[in-house]
Visitor: 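Sharing a structure with you now.
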Amino acid sequence: MTQALASETFTPAHTVGRSNDRRWHLAFGLLLAISLIAFTLWSFGYVSQGAPRMVLITTIIFGAFMAFNIGGNDVANAFGTSVGAGTLTMKQALLVAAVFEVSGALLAGGEVTDTIKSGIVDLGAVSLDPLEFVYIMMAALLGAAVWLLIATRMGWPVSTTHSIIGGIIGASLTIGFVTGAGGFAMVQWSEVGMIAISWILSPALGGLVSFLIYGAIKKHVLGDALSQTLKPHMLAPTGGDNHAAEAEMDIERDAATSTDARIGSHSTLQRWVPLIAAGAAVVITAMLVFKGLKNLEVGISTVGGVLVMAMIGLAVWMAVFVFAKTLRKQTVPRATYILFSWMQVFTASAFAFSHGSNDIANAIGPFAAVLDVLKTGTISSEATVPFAAMLTCGIALIAGLWFIGRKVIATVGTKLTEIHPASGFAAELAAAGVVMAASVSGLPVSSTHILIGAIIGVGLVNRSANWKLMKPIAMAWVITLPAAATIGAIGVLTLRTFFG
């Protein structure tokens with residue numbers, strides 16, 4: 001993979017996949033179809049004998065559809081910087097996502113999940129028929145999935161968490177008013193207010209941390225001269241060496257007249273990059289220990305977690321230092337590109353594992369809730385997550401990334417600002433750090449909004465942020481909850497009419 005990262009010709013994200021690789025389309029289409037058929041047959045034996053089969057089949061379709069669109073929007077958003085920077089091709093991103101997203105979901109996703117996401121709606125306070133609860137969860141899945149599909153087709157990265165919350169609110173209020181079981185008091189509006197705060201807080205935090213991290217990298221490692229040569233097409237194998245050699249000569253001339261001749265040198269890479277990599281390893285390890293693995297009963301105390309972070313940080317520092325020394329025969333732009341490419345793969349993989357272990361519950365939660373009701377005939381605050389359901393949703397998620405994720409990847413990877421491995425690494429690290437810190441402190445943030453803010457932070461350092469594109473994205477964030485709620489309301493009425 002090193003050779004691929006160092007020399008593979010870069011293909012802009014918005015042109016990735018235009019060659020219509022039919023074998024990949026066919027493979028993922030068949031894999032998704034087989035998994036859905038197999039899970040449906042398995043589910044007949046999982047639910048009770050008297051459970052309505054059409055409701056079950058429809059729920060499976062809605063759950064897989066939701067996971068499919070999470071892949072097309074949320075996972076595409078997470079890998080946009082890696083693909084946009086040329087660090088990973090679309091197929092490599094797909095492979096990394098398949099391994100780490102699904103592994104995160106299966107290994108650390110938890111055996112149970114909340115049936116009512118974030119407790120945003122108090123359904124326990126009203127007398128609700130189990131089938132009415134089923135219709136609410138089904139409509140919430142549909143409302144969130146349809147809105148995610150619309151946003152994905154427009155290339156807007158939006159919050160899947162806010163989408164599913166909107167779907168639950170819309171469907172719950174509709175059922176409450178129609179049946180007379182409840183009204184606006186069912187919704188915890190203070191929680192909705194916290195979501196509104198996250199529209200500003202999340203991108204602001206992501207942007208600030210990214211601005212500081214990438215600003216420091218550019219100042220101490222890259223310099224203005226070197227940062228202009230890290231565009232992947234300048235390091236391509238065909239004619240790439242000439243570009244890199246010319247860039248190296250330019251850097252050396254700039255360094256000779258610079259007040260700080262260390263800028264853009266191998267000694268600078270060996271001094272700073274291992275420290276940066278070690279810091280990133282500590283942050284990523286903290287995210288995995290305290291967030292990504294929180295559902296596993298591994299028994300790591302706070303002191304133990306700190307020791308694990310310290311050991312991994314030291315090991316990464318030594319490994320990157322040795323790796324940087326082996327690159328002294330490479331030109332400085334090429335060596336920098338290789339180092340930050342590997343570091344970006346590391347951050348993307350860890351982010352994917354954490355995402356799979358936590359955010360896939362957006363699809364699994366309501367889906368598992370319906371399966372639990374169809375199995376037990378009662379409404380519970382928590383539901384067991386069958387391994388087969390987690391695996392099926394994981395496959396649907398990866399298929400969604402492949403089939404419909406390119407527009408969001410284009411937005412995140414190329415359109416908001418120009419991304420190269422160093423700036424992409426900074427954005428991913430900033431996002432991971434803010435998500436972890438916010439999770440520990442309980443701040444109401446969205447990982448999607450944080451990453452978009454982090455990318456804008458990189459653009460601010462380079463003075464190349466696309467504020468014109470941010471306007472429709474910000475508007476999409478604001479209308480996500482009401483849009484999903486509206487679709488959920490219409491969906492629950494349709495489901496009651498059809499199945500009632």
Side-chain angles (χ1 to χ4, degrees), residues 70 73-75 77-81 101 104 108-110 113-114 117-120 157-166 188 190-214 279-296 300 302 305-306 309 347-362 365 412 424-458 460 470 473-474 477-478 480-481:
I70 290 177
N73 196 288
D74 217 17
V75 178
N77 170 55
F79 282 91
T81 53
E101 289 274 352
T113 184
D114 294 335
K117 182 67 179 176
S118 302
I120 198 80
V158 297
S159 171
T160 55
T161 301
H162 295 176
S163 298
I164 197 66
I165 288 175
Q188 298 186 33
S190 60
E191 295 291 331
V192 177
M194 297 299 280
I195 290 175
I197 292 174
S198 76
W199 297 333
I200 300 174
L201 185 63
S202 296
L205 289 175
L208 175 62
V209 177
S210 175
F211 181 86
L212 295 175
I213 292 176
Y214 182 60
V282 169
V283 171
I284 294 299
T285 303
M287 184 179 69
L288 293 178
V289 170
F290 298 114
K291 180 176 171 64
L293 300 176
K294 68 179 182 180
N295 292 319
L296 291 182
I300 299 179
T302 302
V306 171
M309 291 158 52
T347 54
S349 300
F351 204 81
F353 183 88
S354 180
H355 179 271
S357 66
N358 288 277
D359 292 350
I360 200 172
N362 292 329
V412 174
F425 163 79
E428 290 177 359
L429 177 60
V434 173
V435 167
M436 186 270 295
S439 177
V440 172
S441 60
L443 290 175
V445 296
S446 162
S447 58
T448 296
H449 299 177
I450 288 171
L451 183 57
I452 296 302
I455 293 169
I456 291 296
V458 166
L460 289 174
M470 268 305 300
I473 292 176
W477 292 351
V478 173
T480 288
L481 196 145

Visitor: For H449 and S159, which heavy atoms make the closest approach, and how far apart are they?
Guide: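 Minimum heavy-atom separation between H449 and S159: NE2-CB, 3.9 Å.
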
Visitor: Rounded at 0.5 Å granularity, tell me how far CG in L201 sits from CD1 in I195.
Guide: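 L201 CG to I195 CD1: 13.0 Å, rounded to 0.5 Å.
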
Visitor: With sequence neighbours excluded, what pairs up with T81 under the side chain to side chain donor-acceptor pair (under 3.5 Å) test?
Guide: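 With neighbours one apart ignored, the set is E428.
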
Visitor: For the CD1 atom of I213 and the CG atom of L429, what is their distance to the nearest 0.5 Å?
Guide: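 Output value for this atom pair is 4.0 Å.
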
Visitor: How close do G457 and F211 get, counting heavy atoms only, and between which atoms?
Guide: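 Shortest heavy-atom separation between G457 and F211 comes out as O-CD1, 3.8 Å.
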
Visitor: L451: which residues meet the side-chain contact (heavy atoms from CB on, under 4.5 Å) condition with it, sequence neighbours left out?
Guide: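 Listed in chain order: N77, A431, I455.
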
Visitor: With distance as the sole test, does N73 use its side chain to make a donor-acceptor pair with the main-chain N or O of V158 at under 3.5 Å?
Guide: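 Looks like yes, one N/O pair under 3.5 Å.
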
Visitor: Which residues pass the side-chain contact (heavy atoms from CB on, under 4.5 Å) test with A78, sequence neighbours left out?
Guide: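 For A78, the residues satisfying side-chain contact (heavy atoms from CB on, under 4.5 Å) (neighbours in sequence not counted) are F351.
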
Visitor: Does atom CD1 (I200) have a neighbourhood of more than 12 heavy atoms from anything else shown, all under 6.0 Å?
Guide: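 No, not enclosed.
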
Visitor: Please check: side-chain N/O of W477 versus main-chain N/O of P157, any donor-acceptor pairing under 3.5 Å?
Guide: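 Yes; at least one donor-acceptor contact below 3.5 Å.
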
Visitor: Considering residues at least two apart in sequence or located in another chain, which fulfil the side-chain contact (heavy atoms from CB on, under 4.5 Å) criterion with T285?
Guide: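 Once residues adjacent in sequence are excluded, the partners of T285 under the side-chain contact (heavy atoms from CB on, under 4.5 Å) criterion are V289, V308, M309, I312.
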
Visitor: List in chain and number order the residues that pass side chain to side chain donor-acceptor pair (under 3.5 Å) with S202, two or more places apart in sequence or in another chain; answer none if no residue qualifies.
Guide: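 By the side chain to side chain donor-acceptor pair (under 3.5 Å) rule, S202 matches no residue at all.
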
Visitor: Which atom pair, heavy atoms only, marks the closest approach of V209 to A430?
Guide: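 Shortest heavy-atom contact: CG1-CB, 3.7 Å.
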
Visitor: Excluding sequence neighbours, so at least two apart, what forms side chain to side chain donor-acceptor pair (under 3.5 Å) with T448?
Guide: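 So T448 forms a side chain to side chain donor-acceptor pair (under 3.5 Å) with D74.
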
Visitor: Could you tell me which residues satisfy side-chain contact (heavy atoms from CB on, under 4.5 Å) with A437, sequence neighbours excluded, listed by chain and number?
Guide: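 Applying side-chain contact (heavy atoms from CB on, under 4.5 Å) to A437 gives none.
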
Visitor: Heavy atoms only: give me the nearest I284-A350 pair and the separation to one decimal.
Guide: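 In terms of heavy atoms, the two residues are closest at CG2-CB, 2.9 Å.
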
Visitor: What are the two closest heavy atoms between A427 and S210, and how far apart are they?
Guide: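 Nearest pair, atom of A427 first, then S210: CA-OG, 4.0 Å.
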
Visitor: Are P203 and M470 close enough that some pair of their side-chain heavy atoms sits under 4.5 Å apart?
Guide: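 With C-beta onward as the side chain, the pair stays apart.
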
Visitor: With sequence neighbours excluded, what pairs up with F79 under the ring-ring contact (aromatic ring centres under 6.0 Å, His included) test?
Guide: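 F79 satisfies ring-ring contact (aromatic ring centres under 6.0 Å, His included) with no residue once adjacent residues are dropped.
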
Visitor: Kindly indicate whether the side chain of L481, heavy atoms from C-beta on, has any atom under 4.5 Å from the side chain of I165.
Guide: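 Heavy-atom side-chain distance check passes, below 4.5 Å.
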
